[in-house]
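Down below is the structure, laid out as structure tokens.
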Amino acid sequence: MGSLPSPGGLQILENDDAPVINRCELRVLFESQQRHLNDFFDKLDLDHARAFAQTLLDAPGAIFFSGVGKSGFVALKLSQTLASLGFTRSAYLPPVDALHGDIGALFPSDILVLISKSGSSDELLNLVPCARAKGARLISLTSVEGNPLASLCDMNVHLPLEREVCPFGLAPVTSSAIQMVFGDTVVAAIMRARKLTKESYARNHPAGKIGKSLIFKVKDLMKKQDELPLCKETDMIMGQLTELTSKGCGCLLVVNAESQLIGTFTDGDLRRTLKASGEKIFKLTVGEMCNRNPRTITPEAMAVEAMQKMESPPSAVQFLPVIDDQQVVLGIITLHGLVSAGL
């Protein structure tokens, strides 16, 4: 078998008939899409939108979303967003799979939201009587007036659609955008009504940057015990080079006999001292050249606060000693450690 050419070996052939994106035409399309979306906002029945949002807010059971094609992708996304808030069970119910067993997840206390531009998709229409038999409450989100799906549901919210922005007015380009905007805005309204806190939101997003910034504390990420580059103020600078470089912190934490922080000495301090003192550095102690007023932080502080403190004026630093209220050194947190943790 032959191998594919490497990207560097590809040749771009000149072809006068090759399709290109015209900047002016692109601008016209964006302006058209903006007009269509503005038309949606202008014509949306806010009372119907509020009733829909309140129904989801008051749901006694789970909230399922279903749709076909692009509306199905919107249904999937909205179910995942609602589930991520943590105060209600929500899931996507594929209409075809539902008719082959997945409808077993539906219970009488649940809500099924059916999303469809036309309201005439056979898959959703076939699902309605089965979901009705399960006792679930049915809500449709549609854009065509007088559609059959709306007439079969307990509630319908009309999503006004002027036209699709596609050249033929057929591809679900504007309609899917409207569905997503409407659904996400309703979810935001539910978040406000529930008074969702950032801390609660973060608990359901532990792997993301948002979650990490609201969950991780300094004590979770700091180096401690044998990882700490400790020295006494009477130690000679040149005798502490191994300790300065081996712990990967780029500094020494200068402590007294009670492990209380006296100051810090960095590899930058070493270079500056060597430049200023020359051979005299061999006779200098760490205590003579250390910074006795370093920035510090407590173990209970949020990790994101540590990063902000490192980056604050007058100049950024690469680490913070972690101390208790008695100035005893408990650990050290580094910028590299924060970045490695995803903050």
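We use all heavy atoms of the structure for the numbers below, so side chains are in, but hydrogens, waters and symmetry mates are not.
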Item checked: Any donor-acceptor N or O pair under 3.5 Å, side chains Asp58, Gln54 -> yes
Note to self: So if I apply the side chain to side chain contact (heavy atoms under 4.5 Å, CB included) rule between Ser116 and each of Asn147, Leu124, Leu125, which one comes out positive?
What the structure shows: Leu124
Checklist line | Lys134 side chain near Ile103 side chain, heavy-atom distance below 4.5 Å | finding: yes
Next item on the list: With the side chain counted from C-beta on, respond yes when Phe52 and Val113 share a heavy-atom pair under 4.5 Å apart, and no when they do not.
Entry: yes
Next item on the list: For the residue pair Ile63 and Leu82, establish whether any side-chain heavy-atom pair is separated by less than 4.5 Å.
Entry: yes
Note to self: Is any side-chain heavy atom of Lys217 closer than 4.5 Å to one of Glu300?
What the structure shows: yes
Item checked: Euclidean distance, Phe64 CZ relative to Asp110 CG, rounded to 0.5 Å -> 5.0 Å
Check: Can you find a pair of side-chain heavy atoms, one from Leu320 and one from Thr296, that are under 4.5 Å apart?
Finding: no
Next item on the list: Supply the atom-to-atom distance Thr285 OG1 to Gln240 CD, rounded to the nearest 0.5 angstrom.
Entry: 11.0 Å
Note to self: What verdict does the side chain to side chain donor-acceptor pair (under 3.5 Å) test give for Asn156 and Thr142, after you've listed the backbone C-alpha separation in whole Å, the side-chain angles of each residue and the deciding distance to 0.1 Å?
What the structure shows: CA-CA 7 Å; Asn156 176 72; Thr142 60; 3.0 Å; yes
Check: Does the side chain of Ser71 pick up a donor-acceptor pair with the side chain of Gln179 at under 3.5 Å?
Finding: yes
Next item on the list: Would you tell me whether Thr174 and Gln33 have side-chain atoms, one donor and one acceptor, within less than 3.5 Å of each other?
Entry: yes
Check: Are the side chains of Val304 and Phe216 in touch, meaning some heavy atoms are under 4.5 Å apart?
Finding: no
Margin query: For Leu261 versus Pro294, what's the shortest heavy-atom pair and its separation?
Written below: CD2-CG, 4.0 Å
Next item on the list: Verify, without hydrogens or angle tests, whether Ser340 (side chain) and Gly337 (backbone) share a donor-acceptor contact under 3.5 angstrom.
Entry: no
Check: Given Asp184 and Lys77, is the salt bridge (charged side-chain N to carboxylate O under 4.0 Å, His left out) satisfied, shown in steps?
Finding: CA-CA 9 Å; Asp184 280 338; Lys77 192 272 181 186; 2.6 Å; yes
Item checked: Shortest non-hydrogen separation from Gly61 to Thr88 and the atoms involved -> O-OG1, 3.8 Å
Next item on the list: Salt-bridge test for Lys280 and Glu288: reply yes if a basic N is under 4.0 Å from a carboxylate O, no otherwise.
Entry: no
